[in-house]
A.B. asks: 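The structure's right below; bear with me while I get my questions together.
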Number of protein chains: 2
Amino acid sequence: MTSSTRDKMIAGAADLMSRGGVNATSMRDVVRHTATPRGSISHHFPDGKRQLIAEAVVFAGKQVSIPLEKAMSERGVIGGLRAFVASWRRRLEATGFEAGCPVLAVAVDRYVGEVSDKDDDTAQRHLLDLADGVFADWQQIMHTALLREGLAAERAERLATLVVASIEGTVAMCRASRSAAALDQVQEELETVLAAALARTAK
Amino acid sequence: MTSSTRDKMIAGAADLMSRGGVNATSMRDVVRHTATPRGSISHHFPDGKRQLIAEAVVFAGKQVSIPLEKAMSERGVIGGLRAFVASWRRRLEATGFEAGCPVLAVAVDRYVGEVSDKDDDTAQRHLLDLADGVFADWQQIMHTALLREGLAAERAERLATLVVASIEGTVAMCRASRSAAALDQVQEELETVLAAALARTAK
DNA sequence: TGACTAATATGACAATCGTCATATTTCAGG
DNA sequence: CCTGAAATATGACGATTGTCATATTAGTCA
């Protein structure tokens, strides 16, 4: 059995990263926040903090993509978008606008803590590749859902990028304003755009 | 004369923040990166790092809003959008996709470095208020430009939020992918949305 | 039960952080 | 030139960071 301690550390790291970014999340914070033994860090994550962050990014990616894919196939593009936005709004309001997206945090922050500049660069590139993969994953789910409803491939790709990027930006802005108003506005405009794009192919 | 050292520190802090976030930007990095005297930090910024970050946010906000406002009034909404996107693309490509938006970094990161949790909360809230003010400033420039071309107030507000949020998110995603492709896609869709919204009022 | 590995506990290490006290330099105004 | 304030230089402080070495416990299979 893979230790539950490991999973708790990963989930806790993702949560802390979503609240304060990569460098505001210390290993001591993770064990404090998750009530896990500090002595097990190097045992479960022999590559140290960069490994924990990397696994937290992948974890956060799946945590979003799995329900997103289900909502897209069950309720269509518009319904999937609504579920996507609703999950972010729930997270924002449940935490008093303290928690955002840990993947965006990895994309924005530079990981510090390597000894040489060479290792620092490769570690940073690895984390960025993982974040990029998560974003690409979310976009592809949106992309295939749009294709399924008849959109042209290039248009579907552009719209998928717009949806993911705008919601990522909006979530961060909502944290700054401590209000979900921006999320309401963006949701409405995205629904309008998607509905118009889908209506054009349906006629 | 207000010291040029002070301005260089603020600009350098904004630059480093846009590359690695708030907590990856140390005061020693700022003086190293800007070749400014380390002994002058507490002289020019008696409130320490939080003051430097705060001034860097305001600086970065004006650095964007001033040319944005000019482009909006000279070239209209579509032209202003293109100038807005182009300036971000230039920044991304000129730095090898290392530099992003320092205001987004403040919105994503939690500032650590205060002694008490009480001071930490108020300092964090202050920085978030500044970041929120910058975003609101950019949105309002877009908002008034849309009003000037005949859009209804609520629609103009929603579109302004969509534009700022989606571009902020896209810039971060472009850093992760080390490619400006997402920026191209988002720009095209935003232009389509704005053109359609403006055409409806023009008829 | 005995043995062996996984898991956790504990303390220490060097490095870096923001900040501050103190000393020195720079330089405009009398 | 003199003076006083602004600006810079320098070193140190305590606190925190990631990491690791060592020791102890837990748990599982023979």
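No experiment lies behind these values; they were computed from the predicted model shown. By convention in this document, chain letters (A, B, ...) are assigned in the order of the sequence lines, proteins followed by strands, and residues within each chain are numbered from 1.
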A.B. asks: Looking at B:Thr5, I'd like to know whether one of its side-chain N or O atoms comes within less than 4.0 Å of OP1 or OP2 on D:dT8.
C.D. replies: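 Indeed, a polar side-chain atom of B:Thr5 lies that close.
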A.B. asks: Identify whether the distance between the nearest side-chain nitrogen and carboxylate oxygen of B:Asp15 and B:Arg91 falls below 4.0 Å.
C.D. replies: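 Looking at B:Asp15 and B:Arg91, the cut-off is met.
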A.B. asks: Can any side-chain N or O of B:Arg175 pair as donor or acceptor with the backbone N or O of A:Ala107 at less than 3.5 Å?
C.D. replies: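 A pair under 3.5 Å: yes.
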A.B. asks: The side chain of B:Ser42 lies closest to which of these nucleotides: D:dT17, C:dA7, C:dC20?
C.D. replies: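 Comparing D:dT17, C:dA7, C:dC20 against the side chain of B:Ser42, the answer is C:dC20.
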A.B. asks: Using whole Å, report how far CE of A:Met9 lies from C1' of C:dT8.
C.D. replies: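 Going from A:Met9 (CE) to C:dT8 (C1'), I get 10 Å.
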A.B. asks: Report the nucleotide, chosen from C:dA9, D:dA7, C:dT19, that has the shortest atom-to-atom distance to any side-chain atom of B:His44.
C.D. replies: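 Looking only at heavy atoms from C-beta outward on B:His44, the closest nucleotide is D:dA7.
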A.B. asks: Starting at the 5' end of DNA chain C, which residue's closest nucleotide do you reach first, A:Thr36 or A:Arg28?
C.D. replies: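 Its nearest nucleotide being more 5', the pick is A:Thr36.
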A.B. asks: Kindly point out which of D:dT8, C:dC17, D:dT19 is positioned nearest to the side chain of B:Ser26?
C.D. replies: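 Ranking D:dT8, C:dC17, D:dT19 by closest atom to the B:Ser26 side chain puts C:dC17 first.
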A.B. asks: Starting the side chain at C-beta, find the nucleotide from C:dG11, D:dA7, C:dA7 nearest to A:His43.
C.D. replies: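 Per side-chain heavy atoms of A:His43, the pick is C:dA7.
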A.B. asks: Could you tell me whether the side chain of B:Arg178 and the main chain of B:Phe97 form a donor-acceptor pair under 3.5 Å?
C.D. replies: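 No; judged by distance alone, with no hydrogens or angles, the pair does not exist.
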A.B. asks: For B:Arg38 and C:dA23, give me the distance from atom CZ to atom P, rounded to whole Å.
C.D. replies: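 Checked: the CZ to P distance equals 17 Å.
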A.B. asks: What is the separation between atom CD on A:Glu114 and atom P on C:dT16, rounded to the nearest whole Å?
C.D. replies: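 For the pair A:Glu114 CD and C:dT16 P, the rounded distance is 13 Å.
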A.B. asks: Is it true that A:Arg82 and A:Glu191 have a side-chain N and a carboxylate O under 4.0 angstrom from each other?
C.D. replies: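 Result for this pair is yes, salt bridge flagged.
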A.B. asks: Counting any heavy atom closer than 4.0 Å, what does A:Gly113 reach on the DNA or RNA strands: base, sugar-phosphate only, or nothing?
C.D. replies: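 The answer is nothing, as A:Gly113 stays clear of every strand by at least 4.0 Å.
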